[in-house]
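Inspection log for the structure reproduced underneath, given as structure tokens.
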Amino acid sequence: MTDLSKVERAIGYTFKDKTLLKRALTLASASEENNQLMEFFGDAILEFIVSERIYSDGGTEGLLTERRKALVSDGALTPVSQKLGLDGFLIHGAKKDATNKKAIPSAYEAVTAAIYLDGGMDAAKKFVLSTLDFNKKFKAENFKGALQEELQGAGMPLPEYVGEDLGTPQKHWFRVSVNAFGKTFYGEADSVKGAEQLAAENALKFRKNNK
């Protein structure tokens, strides 16, 4: 039986409604009253809080999108969730979901939702801002470089990017295409570089799924 008071000490928040916390930690194998919907809600709340926090740091829309993704991805949330001990507080059914790696980052999202439902946005912000590392150096993934290496390794022509500005003088919006693996892939963003990265990423996804 999970000691909810230990969870509260670990996350730094005391619930008025303890059932919210219990549900946030309950997996589908344990009960129909599980954390799946809270995970969905928590994901949206988390994205909003992180977006608001990094907005003031400036940068292009594409760069901020990549930075947010780096902060809220499963890979980023798993160690945060483990540091808080949430993986050890999860409530399993008879089958312990030992292979369900998604359960660990999802617990963080569900707890974020539970805190929001219990204490409002200020409480949720305090939790997220105190547990995520916004000072960690962010480096956007170089999809263009990876695509070039993939094409070179396969003996194929190097990629050529063709772009056009679909926006206005006040707000640019670029659409870029790249030919690779016998197909054309597209990316759209508020900068040429961002659109090129997205086009390259789409090409790499295709390659990965069709090898």
Side-chain angles (χ1 to χ4, degrees), residues 28 36 39-40 42-44 46-83 87 97-109 128 132-211:
Q36 290 182 329
E39 170 201 340
F40 164 79
D43 177 61
L46 184 59
E47 284 210 356
F48 171 76
I49 294 172
V50 170
S51 297
E52 184 181 59
R53 166 60 181 79
I54 66 176
Y55 173 78
S56 60
D57 293 340
T60 66
E61 180 183 350
L63 181 63
L64 290 178
T65 298
E66 286 298 312
R67 187 180 174 197
R68 181 180 64 195
K69 188 190 302 183
L71 285 163
V72 304
S73 68
D74 285 354
L77 293 181
T78 293
V80 177
S81 197
Q82 290 172 327
K83 186 176 180 180
D87 53 326
D97 307 280
T99 60
N100 185 5
K101 295 181 180 179
K102 172 72 176 169
I104 299 175
S106 294
Y108 184 89
E109 294 169 337
V128 171
L132 295 188
D133 183 6
F134 290 90
N135 294 318
K136 188 175 182 180
K137 191 172 182 180
F138 167 70
K139 183 179 180 181
E141 191 167 350
N142 183 10
F143 294 110
K144 286 182 65 178
L147 176 59
Q148 181 167 317
E149 289 181 9
E150 182 69 28
L151 289 168
Q152 284 179 321
M156 297 180 179
L158 295 182
E160 291 186 10
Y161 298 87
V162 178
E164 58 179 328
D165 189 349
L166 303 178
T168 66
Q170 292 75 30
K171 184 174 176 59
H172 296 286
W173 188 255
F174 298 95
R175 185 173 193 251
V176 167
S177 64
V178 62
N179 292 319
F181 315 117
K183 292 179 67 68
T184 302
F185 302 92
Y186 298 91
E188 294 187 17
D190 62 346
S191 69
V192 173
K193 287 184 178 180
E196 288 176 345
Q197 288 287 353
L198 289 172
E201 181 181 9
N202 288 330
L204 289 167
K205 285 179 180 177
F206 170 82
R207 179 67 166 175
K208 181 179 179 181
N209 293 330
N210 291 275
K211 269 190 172 182

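For this chain, numbers begin at 1 and follow the sequence in order.
Minimum heavy-atom separation, Asp133 to Leu71: O-CD2, 3.7 Å. Counting all heavy atoms, side chain and backbone alike, Ala195 lies closest to Val176 at CB-CG2, 3.6 Å. Considering every non-hydrogen atom in both Val72 and Ala76, the closest pair reads N-CB, 4.5 Å. The two atoms that bring Gln82 and Asp87 nearest to each other are CA-OD1, 3.6 Å, heavy atoms only.
To the nearest 0.5 Å, atoms CZ (Arg53) and CZ (Arg68) are separated by 14.5 Å. Interatomic distance, CG of Asn210 versus NZ of Lys183, reported as 8.5 Å (0.5 Å rounding). From Ser106, atom OG reaches atom CG of Asp74 across 6.0 Å, with rounding to the nearest 0.5 Å. The structure places CG of Asn202 at 6.5 Å from CG of Leu198, a figure rounded to the nearest 0.5 Å. Atom CG of Leu64 and atom OG of Ser51 lie 8.5 Å apart (nearest 0.5 Å).
For residues 188-211, the set of pairs meeting the ring pair (Phe, Tyr, Trp, His ring centres under 6.0 Å) definition, not counting sequence neighbours, comprises Phe185-Phe206.
Side-chain contact between Asn142 and Gln197: present, with at least one pair of heavy atoms (C-beta onward) separated by less than 4.5 Å. Between Lys69 and Glu66 the shortest side-chain heavy-atom distance falls below 4.5 Å. Gln148 has its side chain out of reach of Lys144: every pair of non-hydrogen atoms, C-beta onward, lies at least 4.5 Å apart.
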Donor-acceptor contacts, no H, no angles, side chain residues 154-167, under 3.5 Å, sequence neighbours left out:
unit_1	atom_1	unit_2	atom_2	d
Asp165	OD1	Gly167	N	2.9
Asp165	OD1	Trp173	N	3.2
Asp165	OD2	His172	ND1	2.5

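Applying the side-chain contact (heavy atoms from CB on, under 4.5 Å) rule to Thr184 yields the partners Ser177, Asn179, Tyr186; only residues at least two apart in sequence or on another chain are considered. Remark: Glu150 pairs with Phe181, Leu204, Arg207, Lys211 by the side-chain contact (heavy atoms from CB on, under 4.5 Å) rule, at least two apart or across chains. Checked against side-chain contact (heavy atoms from CB on, under 4.5 Å), Leu77 has the following partners two or more places apart in sequence or in another chain: Leu46, Pro105, Tyr108, Glu109, Leu132. The salt bridge (Lys or Arg N to Asp or Glu O under 4.0 Å) test applied to Glu52 returns Lys125, not counting sequence neighbours.
Ion pairing of Glu196 with Lys193 is absent here, as no side-chain N (NZ or NE/NH1/NH2) approaches a carboxylate O to less than 4.0 Å.
Few gaps surround CZ on Phe134; more than 12 heavy atoms of other groups in view lie less than 6.0 Å from it.
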